[in-house]
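Below you'll find the structure, written out as structure tokens, and then a few comments.
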Amino acid sequence: MGIEAVIGGLFGRSIRRVLNVEESPAGTRLPPPDPHRSYLLYLHVPYCFSLCPFCSFHRVEFDRQSTPGYFDSLRREISLVSDAGYRFDELYVGGGTPTVLPDELLRTIDLVRERHRLGGISVETNPDHLHRDKLRLLQDAGVTRLSVGVQSLDDRLLREMQRFDEYGSSSEIRDRLQRTKGIIETVNVDMIFNFPHQTGESLRRDLDILIDEIGVDQVSFYPLMTVESTRKKMLPTMGTVDYSREKSLYSIIVDRMVSAGYTRASAWCFSRQQGMSEEYIAGREEFLGLGSGSFSYLQGSLFASTFSIDQYRRLVANGKSGTVRRHDMTRSDQMRYYALMRLFGGALDKQAAEARFDGGFRHTLWAELAVLHASGALRSAGDRILLTDRGQYLWIVLMREFFTGVNSLRDQMRGDIAHEGIILEKHANS
């Protein structure tokens, strides 16, 4: 067992404690905003045309009749928090596939822009939505970053993950990515590494295409993260993940991206130039999430919104938030979360950390920081603590642990509404 796995196991308990988000009364009120600051706004659109077996995010199959009503509720919730005094300077729209209904998405973005002065807007989409007319509409709406879920450019793997027929072959995806050039300021390509049947050769071929053929602006390489529900769905066509290969595949990615002139925006995001990145949680301590299945982190508390779209719409219609779970972190866990996210971005400012926690940051976390320094994961450089090359992969392990915990929470919340599927099935058969 490598040192990364050992340290990941040691810190896993703390990570799981941070994500111990317990049920709270439906519509739990969010804390009042700080009038002296602006926040990042995340909007969740859970609809997809096809549900990938490896995906743990909150997503449901697209339904043309009900989806517009969901966007109506989302806009109402935006108005509610805006009226409560929240001010936003960045917007991320994720899913699901937010571009399933472009007109509804554009109306929603327009509402946020009418009420808030935004410095950047990021939207997630899939390769089959990369049509130049739609891209121009997104550009006109102020979208500065488009994140395209590609996952792999290996046709065999695309078939195994049931994306080939729905989103196109490697050749088709490459052609569509070429169309985005000169339209959206930053185009990020979301990739996944360590698929069960992925080889080093396949990964290198993907890197060559992304860097040499397409010349992408930004690439986020996520390690494959599974929970019990996704492992069962993956098994028939994709197989079982082997974490012993993860480090060697990550090394292939880092060596190729860095040698091509890309810089790290985070441990798994590489950019040709500075701009928005997917990991807003690394740079923004607090953020507000709206929509069914969204998460918020405000004033040391983690909030989770209902996975039930019907319940979400009822709560918002009554002027309430969609929140149904809340966890108030201890001060030490707030510090651990702060350190995890700041170092995920590559560096932690010592003075800023001490100021944020009234001088108690290093005193409280001295043992964890000492272990990380001794393992060669961290080094001090003046007023900053930096991730070393060895630390970059360790942070991949730690963030995988963190997001696996988030995905396990998502599984729990899906379980909370399992009865809805039974009710819908009864209605369909009646």
Side-chain angles (χ1 to χ4, degrees), residues 26-27 30 39-51 55 57-84 86 88 90-116 118 120-126 128-131 133-149 184 287-296 303-324 413 417 420 424:
L30 298 171
Y39 296 81
L40 180 142
L41 175 62
Y42 173 83
L43 303 178
H44 193 75
V45 180
Y47 297 96
C48 283
F49 289 112
S50 178
L51 306 185
C55 180
F57 285 88
H58 173 43
R59 73 273 194 277
V60 297
E61 288 192 12
F62 173 71
D63 176 70
R64 187 165 292 278
Q65 288 187 324
S66 65
T67 305
Y70 176 84
F71 275 98
D72 285 340
S73 297
L74 191 58
R75 288 189 288 269
R76 178 173 175 80
E77 193 178 22
I78 291 166
S79 295
L80 288 172
V81 296
S82 299
D83 292 343
Y86 277 95
F88 304 111
E90 281 188 272
L91 171 64
Y92 276 73
V93 191
T97 309
T99 51
V100 287
L101 287 180
D103 290 346
E104 293 290 344
L105 172 63
L106 294 172
R107 286 182 61 194
T108 305
I109 293 174
D110 285 345
L111 173 63
V112 182
R113 292 182 71 193
E114 286 170 9
R115 305 208 51 175
H116 304 276
L118 300 176
I121 301 174
S122 182
V123 173
E124 295 178 1
T125 191
N126 274 313
D128 58 323
H129 289 190
L130 299 180
H131 305 290
D133 55 342
K134 292 182 180 179
L135 294 172
R136 293 292 184 191
L137 290 173
L138 291 172
Q139 180 191 45
D140 292 343
V143 174
T144 54
R145 180 179 179 274
L146 194 65
S147 188
V148 186
I184 304 296
F287 57 90
L288 180 64
L290 303 180
S292 174
S294 63
F295 292 87
S296 302
F303 300 86
S305 293
T306 178
F307 274 41
S308 167
I309 293 176
D310 288 341
Q311 183 185 30
Y312 168 72
R313 295 185 62 181
R314 288 195 302 270
L315 289 169
V316 173
N318 290 319
K320 298 180 179 180
S321 78
T323 302
V324 294
M413 296 186 70
I417 63 168
E420 291 193 4
L424 289 172

Taken in chain and number order and not counting sequence neighbours, the residues that satisfy side chain to side chain donor-acceptor pair (under 3.5 Å) with Arg59 are none

From the list Ile109, Leu91, Leu40, Leu41, side-chain contact (heavy atoms from CB on, under 4.5 Å) with Leu118 holds only for Leu91

- Give a yes or no answer on whether the side chain of Thr125 reaches the backbone of Val148 with a donor-acceptor pair at less than 3.5 Å. no

Separation between CD (Gln311) and CG (Leu315), nearest 0.5 Å, reads 5.0 Å

Taking the side chain as C-beta and beyond, is there a heavy-atom pair between Thr97 and Phe49 under 4.5 Å?
-> no

Fill in: Backbone N/O of Ile121 and side chain of Thr144: donor-acceptor pair under 3.5 Å
yes

Closest non-hydrogen contact found for Leu288 with Ser296 is CD1-OG, 3.5 Å

Heavy atoms of Pro102 and Thr99 approach each other most closely as CD-O, 3.5 Å

Output for pair (Ile184 CD1, Leu130 CG), nearest 0.5 Å, gives 9.5 Å

task: Examine distances only and state if a side-chain atom of Tyr70 and a backbone atom of Pro46 form a donor-acceptor pair shorter than 3.5 Å.
output: no

Check your understanding: Taking Ser73 for the side chain and Arg313 for the main chain, is one N or O donor matched with an acceptor at less than 3.5 Å?
Key -> no

Nearest heavy-atom contact between Gly96 and Cys48 is CA-SG, 3.4 Å

**Report entry** Side chain to side chain, Ile417 and Asp310, heavy atoms closer than 4.5 Å
**Finding:** no

Please say whether more than 12 non-hydrogen atoms of neighbouring residues, nucleotides or ligands are located less than 6.0 Å from NZ in Lys134.
yes

To the nearest 0.5 Å, atom OG of Ser82 lies from atom CD of Glu114 at 10.5 Å

Heavy-atom nearest pair, Arg64 first then Leu101, reads NH1-CD2, 3.6 Å

Problem set entry | Ring centers of Tyr92, Tyr42 separated by less than 6.0 Å | no

Tell me if the centroids of the rings in Tyr39 and Tyr86 come within less than 6.0 Å of each other.
yes

Quiz item: Counting only N and O atoms by type, is there a donor-acceptor contact under 3.5 Å from the side chain of Glu124 to the main-chain atoms of Gly95?
Solution: yes

Closest heavy-atom pair, Lys320 versus Leu80, reported as atoms and distance to 0.1 Å, is O-CD1, 4.0 Å

Across all chains, not counting sequence neighbours, the side-chain contact (heavy atoms from CB on, under 4.5 Å) partners of Arg75 are Phe71, Asp72, Glu104, Arg107, Thr108, Leu111

* To do: Flag the pair Arg115 / Ser79 as yes when at least one side-chain heavy-atom distance between them is below 4.5 Å, and no otherwise.
  => yes

Sequence neighbours excluded, the answer for ring pair (Phe, Tyr, Trp, His ring centres under 6.0 Å) partners of His58 is His44, Phe307

Neighbour count >12 (heavy atoms, 6.0 Å) for atom CZ, Phe57 = no

**Asked** Do the non-hydrogen side-chain atoms of Leu106 and Leu138 ever get within less than 4.5 Å of each other?
**Response** yes

All heavy atoms of Arg145 vs all of Ser122, minimum pair found to be NH1-OG, 2.8 Å

